[in-house]
There are 2 protein chains.
Amino acid sequence: MADGLTIGQAAAFVGVTIKTVRHYHRLGLVTEPERDGSGYRRYRSADLLRLVQVRTLAGAGVPLAEIGDLLDADPERFSAALDDVHRRLTERIEDLVARRDTLHRLDRGDRALLPDRACAVLDRLTDLGFSPDYVAGQREALVLARALIPEIYDNFLTQLERSLDDPEFVELTKRGWDARSWDPDDPRIEELASALADKLLANRVVPAMPTGFRNRSDAAARYGLVNHHREDREPSIARLNALVEANLRAAGVDIPHQ
Amino acid sequence: MADGLTIGQAAAFVGVTIKTVRHYHRLGLVTEPERDGSGYRRYRSADLLRLVQVRTLAGAGVPLAEIGDLLDADPERFSAALDDVHRRLTERIEDLVARRDTLHRLDRGDRALLPDRACAVLDRLTDLGFSPDYVAGQREALVLARALIPEIYDNFLTQLERSLDDPEFVELTKRGWDARSWDPDDPRIEELASALADKLLANRVVPAMPTGFRNRSDAAARYGLVNHHREDREPSIARLNALVEANLRAAGVDIPHQ
DNA sequence: GGTTGACCTTGACCTTAGGTCAGGGTGAAC
DNA sequence: GTTCACCCTGACCTAAGGTCAAGGTCAACC
């Protein structure tokens, strides 16, 4: 008898739930339609049209709070606003595409993100016979370096690449990795530290401190984080690294304490 | 002295706010790091790594509630989950692209959405000299028909197209539109209704009632909504339409009352 | 003519992914 | 020695709805 659709029909029509339609009413986005004898809302063509318009904008991500003004604006302002919505939507889409693409890098073994050059170095580590644990640790260090101190990330990578060309250095590094099973007070650690420091100085692959930070302690914090990554799990390696750093410092290399 | 980044540095590092990091702690997504002497959180490399992983997934739209399980899953389950995330992200992107494309149809004069065939008919109406108001009304009716009763939308459109090929019909329709300024009791309305009904029957462009609905009253509600669109604003046109319908009904056409 | 089941009404509270505010403690620098 | 940027907790706010409760209505079926 009473004409107009009920709220359920109207909602199904525009593809939303009843609650959503009522939500739009409460926000004043769509004026409440007339009620029939039993208090039901009855939607007429004009209401549905408005509902479709609101939904189209809302579906495109326009905040509901803006939609009212937008639809009631004069045509050229509306048109300009539409262009703006379109632009923002395009940005959002591009952002999502970029995120989708980085997503698959999470799946390359370690769930972290590294460019190809770093991956090549890591593959080479594996080929040279380093243990998967060691490779994983280096991978994490590279991820951190890239994110925390991009200024010296290249330096870090180059250092790794050059070191791998020197069989003696590779040997020393492997021995250093073996040191994790030694007692932290084992005298061999001091010997090894000395040999490693000499090698580093000879090959000129000393770590460069990051520059350009607001203060030195910030840089030091980042440097320490990268260079002492995973040491909390390996006390002997921590001691080895500390000794190597002490040796380098004694030779005049700028390395922050702790 | 104490090593590790503060929460602000860690947050800046992964590109989020401090509050977001604390939020992840509360959800158990990233375990709370150790505190320093003054109770500040100190983030070490492993914490940052975890933070980057969480952010990468969260940024791709994975609900925070799922991320924990996901990152702690074994590799092949993780990999499968990543594929799933990728798939959902692709769907979302396609959906947004579709919405972006429909968005510009909102800007084609009337802020409603119609396919090309309908637009062509409306343009033709304008070319034939119908007033912009009349065209707007027909446009709205088409939008409603398409959304409410797609089964007869084609029929509706074909009817319009055929009618426009008949100059006499065009003349009668224009006269019908002029009738909105007449008194609703004007005797000319009855005449016109009779002529229009004859023409409709002769051209066989009678409206088809929608079929296949759960009940007849639902169909009737939709039909009424489309066919009596805008009549609340034009009482004379309402009367004219009612008379045309009565004439058609008398000739055996199935049209619901009200 | 009674009951069933699908619909409608309002109102109050829940959700996600954080943001904001209040009130107070820390740390480094000028 | 104070200033200013940073940190702490806890309580409440946001958008865009969803869920639940308690009750009224409508059409259909028996």
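Every heavy atom of this structure was used, including side-chain atoms; hydrogens, water molecules and symmetry mates were not. First the proteins, then the strands, lettered A, B, ... as listed; each starts at 1. Being a predicted model, the structure only gives us computed values, none of them experimental.
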Should [X] be listed as having a side-chain N or O under 4.0 Å from OP1 or OP2 of [N]?
X	N	result
A/Thr20	D/dG18	yes
A/Arg55	D/dG17	yes
B/Arg41	D/dC7	no
B/Arg35	D/dT9	yes
B/Tyr24	C/dA17	no
B/Thr6	D/dC7	yes
A/Thr17	D/dG17	no

Could you check how far [atom1] of [X] sits from [atom2] of [N], rounded to whole Å?
X	N	atom1	atom2	value
A/His25	D/dA16	NE2	C1'	16 Å
B/Arg26	D/dC12	CZ	P	13 Å
A/Glu34	C/dT9	CD	P	14 Å
B/Tyr43	D/dC8	OH	C1'	12 Å
B/Leu29	C/dT16	CG	P	12 Å
A/His23	D/dT14	NE2	C1'	11 Å
B/Leu5	D/dC7	CG	C1'	14 Å
B/Gln9	C/dT26	CD	C1'	14 Å

Taking side chain to side chain donor-acceptor pair (under 3.5 Å) as the criterion, tell me which of A/Asp95, A/Asp101, A/Thr102 meets it with A/Arg99.
A/Asp95

Any chance you could lay out the side chain to side chain donor-acceptor pair (under 3.5 Å) test for A/Arg100 and B/Thr90, step after step, and finish with the verdict?
CA-CA 8 Å; A/Arg100 184 185 59 182; B/Thr90 302; 3.0 Å; yes

For A/Arg22 and for B/Ile18, locate the closest nucleotide of DNA chain C by heavy-atom distance; then report the residue assigned to the nucleotide nearer the 5' terminus.
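Mapping each residue to its closest nucleotide by heavy atoms, the 5'-most match is A/Arg22.
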
Nearest heavy-atom pair of A/Leu70 and A/Ala81: which atoms, and what distance?
CD2-CB, 3.5 Å

By nearest-heavy-atom nucleotide on DNA chain D, the more 5' of B/Ile7 and A/Lys19 is B/Ile7

Walking DNA chain D from its 5' end, the first of A/Ser38 and B/Ser38 to be reached, judged by nearest nucleotide, is B/Ser38

Could you check whether A/Leu27 gets within reach of a base, just the sugar-phosphate, or nothing at all, counting any heavy atom under 4.0 Å?
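Here A/Leu27 touches no strand at all.
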
Salt bridge B/Arg88-B/Glu66, side-chain N to carboxylate O under 4.0 Å
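Looking at B/Arg88 and B/Glu66, the cut-off is met.
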
Does A/Asp47 come within less than 4.0 Å of A/Arg50, counting only side-chain N to carboxylate O?
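Result for this pair is no, no salt bridge flagged.
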
Does a distance-only test, which skips hydrogens and angles, find a donor-acceptor pair under 3.5 Å between the side chain of A/Tyr40 and the base of D/dG24?
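When only heavy-atom distances are counted, A/Tyr40 does reach the base of D/dG24 through a donor-acceptor pair under 3.5 Å.
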
